Amino acid sequence: MGSGGYLTQKPAKSLRHKLSPKPLVTQGTGEIIEAQVVTKTIGDAGFHKVWLSEILELVDEVGNAKMKILMWLLSKTDHQNQVLATHQEIANATGTSPKTVQRLMRSLKAALVIVEPRRSLWRLNPDVIFKGDHRQRMNVLVKYRSETAQADMFDLDVKRVAKKDAA
C-alpha cells in the first residue's frame, strides 16, 4: 500500500497489558527502587485504516457527494468489512441522489475498491479500507478475493451469452 493512510478512531476494543519489574528513581532522594509497572498498549484495534490516496487514484473524480458516500460506507462497515444497503438507502442517508450513488458504486467496483457478492451487500476491499486488527483483515481479505474471482467469472459468462445473442 502507498502512503496517505487516514485513520479514524473508534473506542478501542482490545488493550494489551504487560506487567514487568522496572527500576525507578525517586526524585527527592535519588533512591532506586524496584517496582512492578503495568504497561498498557493499544494496537490498531478500533481504527479504520483508509488508504485515501489509493482510493483517490483509483476513482477518477471524487466530489463532496461522493466523499460523503465513501465516508458513510466506512462508518457502516461491520466486522466482515460489509455494508448492507440499497442505492436508495445510501442516497437517503447521505443526502445524495441515487444516480450519484449508482455511478460511484460502479466506479468503486471497477477500481476494485468494493465488490457486490449479492444484491445490496457491499464488501470493501481490505487492502484499501478496513476496520479491525491485522488477523481480522487477513480473514476478510481471503473472502474478498474469493468474491472478486466469482464476480469476474460471472462477468465472463455474461459476456459470452451477450456474444452468442449478438451473433
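All values derive from a computational prediction rather than experimental measurement.
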Verdict with reasoning, Q82 to W122, per side chain to side chain contact (heavy atoms under 4.5 Å, CB included): CA-CA 5 Å; Q82 298 177 128; W122 309 95; over 6 Å; no
Side-chain touch [X]/[Y], heavy atoms, less than 4.5 angstrom:
| X | Y | answer |
| --- | --- | --- |
| L124 | V83 | yes |
| L104 | V101 | no |
| E89 | N92 | no |
| V140 | R137 | no |
| Y144 | L112 | yes |

Residue list, ring-ring contact (aromatic ring centres under 6.0 Å, His included) with W72, at least two apart or on another chain: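 W72 satisfies ring-ring contact (aromatic ring centres under 6.0 Å, His included) with no other residue.
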Taking everything shown except I33 itself, do over 12 heavy atoms lie less than 6.0 Å from its CD1?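 It does: I33 CD1 has more than 12 such atoms within range.
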In terms of heavy-atom contacts, does CD of E34 have more than 12 from other residues, nucleotides or ligands at under 6.0 Å?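 Enclosed: over 12 neighbouring heavy atoms sit under 6.0 Å from CD of E34.
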Just verifying a value: how many Å separate [X] [atom1] and [Y] [atom2], rounded to the nearest 0.5 Å?
| X | Y | atom1 | atom2 | result |
| --- | --- | --- | --- | --- |
| L84 | D78 | CG | CG | 9.0 Å |
| K99 | T96 | NZ | OG1 | 13.5 Å |
| M71 | K68 | CE | NZ | 13.0 Å |
| I69 | H87 | CD1 | NE2 | 9.5 Å |

Hydrophobic clusters here meaning ILVMFWY residues chained together by side-chain heavy-atom distances under 4.5 Å, can you tell me if V113 and M67 are in one?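 Cluster IDs for V113 and M67 match.
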Determine yes or no for a side-chain-to-main-chain donor-acceptor pair under 3.5 angstrom, with [X] supplying the side chain and [Y] the backbone.
| X | Y | value |
| --- | --- | --- |
| T29 | E31 | yes |
| T94 | I90 | yes |
| N81 | R123 | no |

Which one of N125, L70, V115 satisfies the side-chain contact (heavy atoms from CB on, under 4.5 Å) criterion with L108?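 For L108, the side-chain contact (heavy atoms from CB on, under 4.5 Å) check succeeds only for L70.
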Assess the residue pair L73 and M105 against the criterion (side chain to side chain contact (heavy atoms under 4.5 Å, CB included)); give the C-alpha distance rounded to whole Å, side-chain angles, the decisive distance to 0.1 Å, and a yes or no. CA-CA 11 Å; L73 287 170; M105 298 308 256; 4.0 Å; yes
Nearest atoms (heavy-atom pairs only) where [X] meets [Y]:
| X | Y | answer |
| --- | --- | --- |
| P117 | L121 | CD-O, 3.1 Å |
| A35 | L24 | CB-CD1, 3.7 Å |
| A91 | S97 | CB-C, 3.8 Å |

